[in-house]
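Here's the structure, in structure tokens; my notes come after.
Numbers restart at 1 for each chain; the letters A, B, ... are given by sequence-line order, proteins then strands. Since the structure is predicted, the reported quantities are computational estimates derived from the model, not experimental observations.
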Amino acid sequence: MSSISIYESNKRNSSIAGFTSNIFSSNQLIHLYSNHGLLRDAQKLFDEMPHRNVFSWNTIISAYVKAHNLAQAQALFDSASQKDLVSYNSMLSGYVGADDGYETEAIDLFIRMQFVRETVGIDEVTLTTMLNLASKLRVAIYGRQVHSYMVKTGNDGSIHAVSSLIDMYSKCGLFGEAWNVFSGCEGKVDLISKNAMLAACFREGKMDLGLNLFWENLELSDTISWNTLISGYAQNGYGEKSLSMFIQMVQNGVKWDERTLASVVSACSGLKCLELGKSVHAWVLKNGFISNQIISSAIVDLYCKCGNLKYAESVHARIGTNNPFSVASFIAGYSSQGNMKEAQRVFDSLTEKNSIVWTALISGYVKTQQCESVFKLFKDYMTTEALVPDALVFISVLSACAIQAALTMGKQIHAHILRIRLEMNKKLLSALVDMYSKCGNIAYAEKIFHLFTDSDRDAVIYNVMVAGYAHHGFEHEAFRLFQEMLKKNVKPDAVTFIALLSACRHRGLIQLGEQFFRSMEDHNILPESDHYACMVDMYGRANELDKAVEFMRKIPIEMDATVLGAFLNACRVSSNVELAKEVEEKLLKVEANNGARYVQLANVYAAEGNWDEMGRIRKKMRGKEVKKLAGCSWIYLENGVHVFTSGDSSHSKSDAIYTALIYLNEKLHFSSTEYVEDIF
DNA sequence: GTAGGGTTAG
């Protein structure tokens with residue numbers, strides 16, 4: 001109604017004031033139509049204008065940019081009889097803000113602007129728009145170049161520039177640079193740049209820094225600031241803090257919106273808190289928020305994370321869309337239940353696949369240790385996907401390489417990452433260190449570890465390197481690095497101690513192991529079953545069954561198969577069949593379907609020549625129809641992977657292979673004899 | 001006097 005009355009008054013004005021006023025009011029009206037989504041009316045009015053000025057052209061171009069009709073915007077831009085810097089900037093922001101696929105056009109237009117710089121010019125709007133392109137592409141070198149361009153042309157001072165720079169550096173993985181920009185303009189920080197810095201802190205996992213920033217100047221905060229905190233905590237795995245921030249937000253009388261709600265749902269999923277999630281779901285249904293795609297896909301994710309895929313399917317079906325985010329949740333949900341068939345099915349059902357679903361499926365195959373499927377999918381991803389390569393995909397594939405000890409593949413992926421100049425973030429570097437270490441190349445792992453600057457070294461990367469040293473038998477290096485970690489005030493976590501305790505158990509360093517275990521309390525880390533299992537295994541390997549028994553008595557948590565299995569091993573080493581029998585019952589209660597456990601049990605009895613007991617276990621195994629997967633070795637050749645089990649003769653060239661093996665064995669024998677002779 | 005650029009959700 002309001003647009004009609006303005007149209008009426010516009011007609012009246014034009015009859016009084018003539019052309020200039022007519023152009024002015026028409027421009028305003030076009031803008032108004034566009035803001036209300038009435039693009040046809042806007043176009044009609046534009047077409048009917050007897051005279052237009054540069055504002056008319058810019059307004060109609062922007063109208064099409066806003067409506068995401070870039071083809072039409074571009075056609076108007078190309079045919080416009082009057083063009084100025086605003087026309088260029090409007091078109092540029094259209095390309096940059098497009099959902100996908102206009103990056104080249106944006107760069108081309110920016111280059112063309114360099115040629116008309118004398119007449120049209122380039123200003124801060126142009127450059128902040130280009131910063132957006134850099135953050136969208138996550139390519140820090142572009143962002144840096146634009147930043148220096150801004151400095152050179154004196155376009156880096158305004159508050160618009162500051163928030164864009166913070167956002168760009170943060171999204172490109174350069175938190176330190178973002179912080180430098182922020183702290184370099186103290187005094188004139190506004191709400192938006194503060195919010196950008198808050199988001200940067202939480203993106204980097206620096207929650208305390210973000211929280212301080214938030215409370216320091218509470219007057220300078222709005223719904224977006226609160227939303228940033230609530231979602232930031234949820235995304236970093238602090239569901240409870242996220243929910244308590246939401247409560248504080250309500251208590252402070254701050255208006256919340258749909259984004260707040262989406263984050264609250266995601267906090268519930270993180271906590272696997274089905275009850276609370278369900279009540280939020282009910283509330284969402286009652287208040288009509290279910291039509292919001294992001295909220296409803298967050299609810300789908302909630303049910304998937306809680307393992308209730310039936311509920312998730314029904315919510316998904318009711319929304320009835322092709323939403324890639326919900327599909328990614330299903331893929332993760334089915335993967336965590338080991339059901340890759342269903343995961344693959346929902347993936348295949350999606351017509352338009354984004355990086356998120358690719359990442360979800362690939363990491364699903366990694367979790368279920370189906371590495372060949374990972375490599376095959378990765379090939380498809382690289383050849384069919386026109387998207388910006390996602391670091392998370394590379395991280396997943398690198399961990400598949402680590403599982404398979406596929407060094408050549410890992411090296412190729414590393415080279416590829418360098419070639420496409422993917423920004424090396426911490427997670428990617430950690431994945432590389434882990435890959436090289438687990439593929440047996442500790443020297444390369446070390447090299448990459450040293451690429452981390454001191455301030456970049458967090459607990460995760462230290463853990464990877466400490467574990468790497470431990471696995472390669474360099475326990476002194478592992479302990480040294482742990483000391484360094486403490487000295488640099490990096491807080492060790494549960495994983496750190498698993499690495500340290502493993503180093504001790506492999507070397508029989510009982511006293512040191514006990515010391516590490518006790519010191520966990522000083523670091524406020526509660527031992528988990530893996531730690532207990534490490535300790536039991538340590539005593540077991542050192543033939544200290546008494547100590548293992550004593551330790552077991554003190555374990556305050558319910559013992560799972562890892563701990564019991566370690567104890568069983570200790571019984572085998574100390575040839576104690578009686579205790580083995582005791583633990584057998586408990587072990588088969590908690591893990592009745594793991595074939596490997598039966599074999600382990602049978603081996604304990606067999607080692608003592610107790611064939612009756614062994615036969616009994618074998619029978620038990622048959623009755624339960626459990627199988628143990630045969631241990632195997634494999635080799636990568638040009639045309640793929642070849643898997644061998646002991647005494648395997650199924651390979652088409654097995655005769656030739658065994659002949660070569662006999663020959664190699666002889667060679668090996670000779671050389672090891674020579675080696676021994678050298679020493680003595 | 002009108003038109004273009006900055007922060008938060010799955």
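Among the heavy atoms of the strands, none lies under 4.0 Å from A:Asp257. A:Leu229 comes within contact range of no nucleotide atom at all, as no heavy-atom separation falls under 4.0 Å. In this structure, A:Lys171 reaches the sugar-phosphate backbone alone: every heavy-atom distance under 4.0 Å involves primed, P, OP1 or OP2 atoms, never a base. Counting any heavy atom pair closer than 4.0 Å across all strands shown, A:Asn132 reaches sugar-phosphate atoms only and no base atom. Residue-level contact check: A:Ser193 touches the bases, meaning some heavy atom is under 4.0 Å from a base atom. A:Lys305 comes within 4.0 angstrom of no nucleic acid atom, judged by non-hydrogen atoms across all strands. At a threshold of 4.0 angstrom between heavy atoms, the contacts of A:Arg203 are confined to the sugar-phosphate backbone, with no base atom among them. Base contact: A:Asn27 has a heavy atom under 4.0 Å from a base atom. Using a 4.0 Å heavy-atom criterion, one finds that A:Ser90 contacts the sugar-phosphate atoms exclusively.
Between A:Arg345 and A:Glu313, at least one side-chain N (NZ, or NE/NH1/NH2) sits under 4.0 Å from a carboxylate O, which counts as a salt bridge.
The side chain of A:Ser158 has B:dG5 as its nearest neighbour among B:dG5, B:dA9, B:dG10. Side-chain proximity of A:Ala196 to B:dA9, B:dT7, B:dT2: nearest is B:dT7. The side chain of A:His160 has B:dG6 as its nearest neighbour among B:dG6, B:dA3, B:dT7. Between B:dG5, B:dT8, B:dG10, one nucleotide has an atom nearer to the side chain of A:Asp167 than all others, and that is B:dT8. Nearest to the side chain of A:Thr228, among B:dG5, B:dG10, B:dT8, sits B:dT8. Here B:dG5 is the nucleotide among B:dG5, B:dT7, B:dT2 with the atom lying nearest to any side-chain atom of A:Val125. Taking every side-chain heavy atom of A:Ala262 into account, B:dA9 is the closest of B:dT8, B:dA9, B:dG6. Distance from the side chain of A:Ser263 is smallest to B:dA9 among B:dG6, B:dA9, B:dT2. You'll find that the side chain of A:Ser93 is closest to B:dG5, out of B:dT2, B:dT7, B:dG5.
Judged by distance alone with a 3.5 Å cut-off, no donor-acceptor contact links the side chain of A:Thr129 to the base of B:dG5. A donor N or O paired with an acceptor N or O is not found under 3.5 Å between the base of B:dG6 and the side-chain atoms of A:Ser164. Side chain A:Asp190 to base B:dG6: a donor-acceptor pair is found below 3.5 Å.
Between A:Gln235 and B:dT8 there is no side-chain N or O to OP1 or OP2 distance below 4.0 Å. Between A:His31 and B:dA3, a side-chain N or O to OP1/OP2 separation shorter than 4.0 Å is present.
Taking the centre and axis of the six-membered ring of A:Phe175, the NZ or CZ atom of A:Arg203 falls outside the cone set by 45° and 6.0 Å.
Atom P of nucleotide B:dA9 and atom CG of A:Leu302 are separated by 19 Å, given to the nearest angstrom. Nucleotide B:dA3 holds its C1' atom 15 Å from the NZ atom of A:Lys83, rounded to whole Å. Straight-line distance from the CG atom of A:Leu191 to the P atom of B:dT8: 12 Å, rounded to whole Å. Straight-line distance from the OH atom of A:Tyr95 to the C1' atom of B:dG5: 17 Å, rounded to whole Å. For A:Asp84 and B:dG5, the CG to P distance is 14 Å, given to the nearest whole Å. Atom CE of A:Met249 and atom P of B:dA9 are 13 Å apart (whole Å). Atoms CZ (A:Phe330) and C1' (B:dG10) sit 13 Å apart, rounded to a whole Å. If you measure from atom CG of A:Asn35 to atom P of B:dA3, you get 9 Å, rounded to the nearest angstrom.
Separation of atoms CD1 (A:Ile362) and OG (A:Ser355) is listed at 9.0 Å; rounding is to 0.5 Å. Taking CG of A:Asn195 as the start and OG of A:Ser225 as the end, the distance is 3.5 Å to the nearest 0.5 Å.
Lacking a ring centre under 5.5 Å from that of the base six-membered ring together with a plane angle below 30°, A:Phe55 does not count as stacked on B:dA3.
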### Message
Let's go through A:Asn58 and A:Ser87 carefully: what are the C-alpha distance in whole Å and the side-chain angles of both, what is the deciding distance for side chain to side chain donor-acceptor pair (under 3.5 Å) to 0.1 Å, and is it a yes or a no?
### Response
CA-CA 5 Å; A:Asn58 291 340; A:Ser87 335; 2.7 Å; yes
- Task: Mind running ring pair (Phe, Tyr, Trp, His ring centres under 6.0 Å) on A:Trp358 and A:Phe347 for me, showing each step along the way?
- Result: CA-CA 8 Å; A:Trp358 278 98; A:Phe347 176 83; 5.2 Å; yes
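With sequence neighbours excluded, the residues forming a ring-ring contact (aromatic ring centres under 6.0 Å, His included) with A:Phe378 are A:Phe394, listed by chain and number.
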